[in-house]
Amino acid sequence: MRIVLAEDSALFREGLARLLAEGGHEVVAAVADADALVAAVAEQRPDFAVVDVRMPPTMTVDGALAARRLREEHPGLPILLLSQHVETRHCVPLVATGGFGYLLKDRVLGVDDFLDAIRRVAAGGSALDPEVVAALLASTGRADPLAVLTPREREVLAHAAEGWSNGAIAARLSLAERTVETHMRSVLLKLRVPDSGDGHRRVLAVLTYLSVS
């Protein structure tokens, strides 16, 4: 894929560019601030964007704001946020549109995991760090929006919200895939979210439901 990379740390930016190149991707632009990111995407029309959340000019949430702008101006562009911090205020609309990931730099366990996350997001899926999922679910303002779920159902929902398929969740939790499917049907029923039959849309529907309830 042709990728635009936005990261203000020169060393991290260079390392990430080399990692992506070794993974078979072409980094068509590597920039250090949010304004340059928006301009690079407009000029290069990449297949994918990797964006740090905290970048110049303010070093607060410029990357997240730029990601929202990119999603508006380039609706089909998959975006992966990469940060040391969890920022959910500007992320709920991005999660709800699919083709979005948000990973924490310190928690990416390996190169293969990172490249796999890029593949899932590029395919229209999601890749969310568990801490990001927890923050998104907690951002509803409700005392406990998931109080109706059992501990196992919460666990299955959290893994699903990270972007894993039922089969992958079953492997990670040492459960039968049919058991995971049963838990997910129960989750959707209890949260009153209709099952669309598409695993990714189902996760997005749950997150969207929780974000607006």
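All residue numbers refer to positions in the sequence shown, counting from 1. These figures come from a predicted structure and were not determined experimentally.
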**Asked** So L82 and F12, side-chain contact (heavy atoms from CB on, under 4.5 Å) or not? Walk me through it.
**Response** CA-CA 11 Å; L82 197 57; F12 193 82; 3.9 Å; yes
**Request:** Show your working on side-chain contact (heavy atoms from CB on, under 4.5 Å) between L16 and L5 and close with a plain yes or no.
**Result:** CA-CA 8 Å; L16 199 53; L5 168 62; 3.3 Å; yes
So which atom in [X] and which in [Y] form the shortest heavy-atom distance, rounded to 0.1 Å?
{"X": "L103", "Y": "A127", "answer": "CD2-O, 3.8 Å"}
{"X": "S186", "Y": "E153", "answer": "OG-OE2, 2.6 Å"}
{"X": "A32", "Y": "D8", "answer": "O-CB, 3.5 Å"}
{"X": "P46", "Y": "V41", "answer": "CD-O, 3.6 Å"}
{"X": "G99", "Y": "R71", "answer": "O-NH2, 3.1 Å"}

**Request:** Go through the structure and list residues passing side-chain contact (heavy atoms from CB on, under 4.5 Å) with E131, not counting sequence neighbours.
**Result:** V86, L104, R107, D129
**side-chain contact (heavy atoms from CB on, under 4.5 Å) partners for L189, two or more places apart** = none
**Request:** Please collect all side chain to side chain donor-acceptor pair (under 3.5 Å) contacts where either partner lies in residues 16-38, sequence neighbours excluded, each pair once.
**Result:** E14-R18
Is any side-chain heavy atom of [Y] closer than 4.5 Å to one of [X]?
{"X": "L157", "Y": "L149", "answer": "yes"}
{"X": "E73", "Y": "V38", "answer": "yes"}
{"X": "L20", "Y": "I118", "answer": "yes"}

Spatial distance of atom [atom1] ([X]) from atom [atom2] ([Y]) [nearest 0.5 Å]:
{"X": "Q84", "Y": "S9", "atom1": "CD", "atom2": "OG", "answer": "9.0 Å"}
{"X": "L94", "Y": "L80", "atom1": "CG", "atom2": "CG", "answer": "11.5 Å"}
{"X": "H159", "Y": "M184", "atom1": "NE2", "atom2": "CE", "answer": "12.5 Å"}

Let me have the donor-acceptor pairs involving side chains of residues 47-65, under 3.5 Å, with sequence neighbours excluded, atom names and distances please.
unit_1, atom_1, unit_2, atom_2, d
D47, OD2, R2, N, 2.8
R54, NH1, H85, NE2, 3.4
T58, OG1, T60, N, 3.3
T58, OG1, T60, OG1, 2.6
T58, OG1, D62, OD1, 2.4
T58, OG1, D62, OD2, 3.1
D62, OD1, T58, N, 3.4
D62, OD1, M59, N, 3.2
D62, OD1, T60, N, 3.3

**Request:** Output, in order, the C-alpha distance, side-chain angles, deciding distance and verdict of side-chain contact (heavy atoms from CB on, under 4.5 Å) for L175 and R152.
**Result:** CA-CA 11 Å; L175 298 173; R152 179 62 87 183; 4.0 Å; yes
**Request:** Take N166 and V156 through the test side-chain contact (heavy atoms from CB on, under 4.5 Å) and record every step on the way to the result.
**Result:** CA-CA 9 Å; N166 284 348; V156 169; 5.8 Å; no
**Pairwise salt bridge (Lys or Arg N to Asp or Glu O under 4.0 Å) hits with a residue in residues 168-178, at least two apart** = none
**Prompt:** With no hydrogens and no angle check, is any side-chain donor or acceptor of Y102 less than 3.5 Å from a backbone partner on S83?
**Reply:** no
**Item:** Counterpart residues, salt bridge (charged side-chain N to carboxylate O under 4.0 Å, His left out), relative to R68 (two or more places apart)
**Value:** none
